[in-house]
Amino acid sequence: MNNIPLPFRIGHGYDLHRLQPGGNLLLGGVLVSDQISPIAHSDGDVVLHALVDALLGAMGWGDIGEHFPDTESRWKGAASRVFVETVYGRVREAGYELVNLDVTLLVEKPKIKPFKPAMLASLREMLGDERMAVNVKAGTNEGCDAIGRGEAIAAHAVVMLKKT
Ligand code: MG
């Protein structure tokens, strides 16, 4: 059962998108490149998709594909922050709030470090708490596999929720 009033809930989310030349690459709601873009139904923001799946996982609510199907035209080109705001709104209505969020990005290019402060601010703003404990880590895949060749981008997110 998923409606057990647990004092804490942990959730993990993972997302990967293939990349294509041209267009905009958004990560955590921040524009990090206008040279490449994810192949996606929505804006393909892997950080936000991983975050949504982590929130859903913590609550025992399935996954992002069940809540925002890519077969529905209303989600075509959707700003992924809408997914975050919608799901976190439901989390809060269900009596939970975020304790902390930890994100790991796997990106070959561009270098993420210069964008981290903007990403942290963007995530906090989206989640409605400018002092929220949010961390973003970024690494490459050392030239291995599709991520290492710059053909794809991926993110993991872990959240802890506590009962309000
Ligand atoms: Mg996705």
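Within a 6.0 Å sphere centred on CD of Glu130, heavy atoms belonging to other residues, nucleotides or ligands number 12 at most. More than 12 heavy atoms of other residues, nucleotides or ligands shown are found within 6.0 angstrom of NZ on Lys137. Atom NZ of Lys163 sits in a crowded spot, with more than 12 heavy atoms from other residues, nucleotides or ligands closer than 6.0 Å. Within a 6.0 Å sphere centred on CD of Glu142, other residues, nucleotides and ligands contribute 12 heavy atoms or fewer.
Counting heavy atoms from C-beta on, the side chains of Asp15 and Asp53 never come closer than 4.5 Å. With contacts defined as side-chain heavy-atom distances shorter than 4.5 Å, the pair Ile153/Leu27 qualifies. You'll find the side chain of Met119 reaches within 4.5 Å of the side chain of Ile112, heavy atoms only. Using a 4.5 Å heavy-atom threshold, the side chains of Glu97 and Asp129 count as separate. Within the 4.5 Å cutoff, the side chain of Arg74 has no heavy atoms near those of the Phe68 side chain. Under the 4.5 Å side-chain criterion, counting only non-hydrogen atoms from C-beta, Leu16 is in contact with Ile147. Two residues are said to be in side-chain contact when any heavy atoms from C-beta on lie closer than 4.5 Å; Tyr96 and Leu6 meet this criterion. Residues Val136 and Leu123 form a side-chain contact, since some pair of their non-hydrogen atoms from C-beta on lies under 4.5 Å apart.
Using a 4.5 Å cut-off between side-chain heavy atoms of Ile, Leu, Val, Met, Phe, Trp and Tyr, with links allowed through other members, Val99 and Leu127 fall into different hydrophobic clusters. Under a hydrophobic clustering in which Ile, Leu, Val, Met, Phe, Trp and Tyr are joined whenever their side-chain heavy atoms come within less than 4.5 Å, directly or via other members, Leu51 and Leu106 fall into different clusters. Trp61 and Phe83 end up in the same hydrophobic cluster when Ile, Leu, Val, Met, Phe, Trp and Tyr side chains are linked at under 4.5 Å. Taking hydrophobic clusters as Ile, Leu, Val, Met, Phe, Trp and Tyr residues chained together by side-chain heavy-atom distances below 4.5 Å, Ile64 does not share a cluster with Val158. Leu26 and Val46 fall into different hydrophobic clusters, defined by Ile, Leu, Val, Met, Phe, Trp and Tyr side-chain heavy atoms under 4.5 Å apart, directly or through other members.
A donor-acceptor pair under 3.5 Å is formed between the side chain of Asp43 and the backbone N or O of Ser80. Without hydrogens or angle criteria, His67 side chain to Val87 main chain gives no donor-acceptor distance under 3.5 Å. Looking only at distances, a side-chain donor or acceptor of Asp45 sits under 3.5 Å from a matching main-chain atom of Gly28. Under the 3.5 Å distance criterion, the side-chain polar atoms of Tyr88 are matched with a main-chain donor or acceptor of Leu98. Formation of a donor-acceptor pair under 3.5 Å by the His17 side chain with backbone atoms of Ile39 is found in this model. Panel note: side chain Arg124, backbone Met132; a donor-acceptor pair is recorded below 3.5 Å.
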Please report the C-alpha distance between Arg9 and Val159 in whole Å, then the side-chain angles of each, then the deciding distance to 0.1 Å, and finally whether the side chain to side chain contact (heavy atoms under 4.5 Å, CB included) criterion is met.
CA-CA 8 Å; Arg9 289 173 171 267; Val159 298; over 6 Å; no
Under the side chain to side chain contact (heavy atoms under 4.5 Å, CB included) criterion, do Glu85 and Met126 qualify, and how do the steps go?
CA-CA 7 Å; Glu85 288 166 352; Met126 235 173 269; 4.2 Å; yes
Decide yes or no on side chain to side chain contact (heavy atoms under 4.5 Å, CB included) for Lys111 and Thr140, but give the supporting numbers first.
CA-CA 9 Å; Lys111 290 290 168 227; Thr140 68; 4.0 Å; yes
Any chance you could lay out the side chain to side chain contact (heavy atoms under 4.5 Å, CB included) test for Asn135 and Asn100, step after step, and finish with the verdict?
CA-CA 8 Å; Asn135 187 63; Asn100 70 308; over 6 Å; no
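Shortest non-hydrogen contact noted between Gly29 and Ser122 is CA-OG, 3.8 Å. Heavy atoms only, all atoms of each residue included: Leu25 and Pro110 are closest at CD2-CD, 4.2 Å.
Rounding to the nearest 0.5 Å gives a distance of 10.5 Å between CZ of Arg149 and CD of Glu108. A distance of 5.0 Å separates CD1 in Ile36 from CG in Leu19, rounded to the nearest 0.5 Å.
In this model, a donor atom of one side chain and an acceptor atom of the other lie less than 3.5 Å apart for His49 and Ser42.
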